[in-house]
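The next block holds one structure in the form of structure tokens; read it before the comments.
In what follows, every chain begins at residue 1, and chains take the letters A, B, ... in the order their sequences are listed.
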Amino acid sequence: MSDSYSGEVCAVARALIGAVVRHGETAGVIVETEAYHESEPACHAHIGRTPRTLTLFGPPGRAYVYRSYGVHAMLNAVAEPDGIAAAVLIRALQPCDGIELMRARRGRERLEELCSGPGKLTQALGIGLVHNGVDLDAGPVTISLPGGPPPDIVVSRRIGITKAVDLPWRFSVRGSRFVSRGGARVAASVSRSAR
DNA sequence: CATGGGATTGACT
DNA sequence: GTCAATCCCATGC
């Protein structure tokens, strides 16, 4: 057990469902996450320590923010002890505060289009690469854990990756209309296979 | 220093 | 369902 991965980051990814991400006057409840760990090739840190992955190897509770496809910023929470690289990708939020500001930043009106994807939510909350490494307890970007009963969580495969595609490391709120595009696809394929 | 590859999104067929 | 936009970073000469 000590020589193989224990699965801690998946527990964190699950625990973060229902948590609140806040930046300034904007905030939302996490409805979708994915886990990444240095032991599997889809994780940026799989290649080892580089300037880019340094945050991933640092202490837990910090933000790892990177640019995807030259266009979008992605928000992660570092999730394993100092020296072990792992993070939880925040993939979708249910908007709760600062909705008008989110609409202005996104150029969209419908609530479902504000934070239903990892690139969308960073745009809606005004999160960028400058927030890489910030302490998520101290801010300016914060994540506060949920207080209520645990929501009904669906486990599925991660989206948009080309390696380790079979790991069931994606977590989302069952039936939420605020999950990302891939969530709808999974729901469709599930109902199709259930026929 | 040049090159290639993305943890995506939005518009279009 | 398909496809381009666009930039940071890792790698190789």
First and last nucleotide of DNA chain B, 5' to 3', lying under 4.0 Å from heavy atoms of chain A:
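Answer, 5' to 3': B:dG6 to B:dA11.
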Mapping A:T162 and A:R108 to their closest nucleotides on DNA chain B, which lands nearer the 5' end?
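That would be A:T162.
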Taking for A:G70 and for A:R106 the nucleotide of DNA chain B with the nearest heavy atom, the one nearer the 5' end belongs to A:G70
Strictly below 4.0 Å, N to O, side chains only: are A:E32 and A:R170 in salt-bridge contact?
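Yes, charged N to carboxylate O under 4.0 Å.
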Distance-only donor-acceptor check, side chains [X] and [Y], under 3.5 Å:
X: A:H44; Y: A:Y64; result: yes
X: A:R105; Y: A:Q123; result: no
X: A:S176; Y: A:Q94; result: no

In dot-bracket notation, what is the pairing pattern of DNA chain C, taking Watson-Crick (N1-N3 plus N6-O4 or O6-N4) and G-U wobble (N1-O2 and O6-N3) contacts under 3.5 Å, with [ ] crossing and | for other strands?
|||||.||||||.
In the structure I gave you, are the side-chain heavy atoms of A:R22 and A:V141 within less than 4.5 Å of one another anywhere?
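Not touching, per the 4.5 Å side-chain cut-off.
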Is the shortest side-chain heavy-atom distance between A:F178 and A:I30 below 4.5 Å?
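Contact flag for A:F178/A:I30 side chains = no.
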Among A:V20, A:I17, A:V21, whose side chain to side chain contact (heavy atoms under 4.5 Å, CB included) with A:V29 holds?
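Single pass found, and it is A:V20.
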I would like to know whether A:E34 and A:R158 meet salt bridge (charged side-chain N to carboxylate O under 4.0 Å, His left out); could you show each step before the answer?
CA-CA 7 Å; A:E34 284 179 359; A:R158 295 176 296 181; 5.4 Å; no
At under 4.0 Å between heavy atoms, which parts of nucleotides 8-13 of chain C does protein reach? Answer with one letter per nucleotide, 5' to 3': B base, S sugar-phosphate only, - none.
SSS---
Using a heavy-atom cut-off of 4.0 Å across all strands, would you classify A:L89 as base, sugar-phosphate, or nothing?
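Base: the residue A:L89, judged by heavy atoms under 4.0 Å, touches a nucleobase.
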Taking every non-hydrogen atom, the tightest pair across A:E40 and A:A164
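Heavy atoms only, the tightest pair is OE1-CB, 3.8 Å.
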A:H37-A:H46 aromatic ring centre distance below 6.0 Å
no
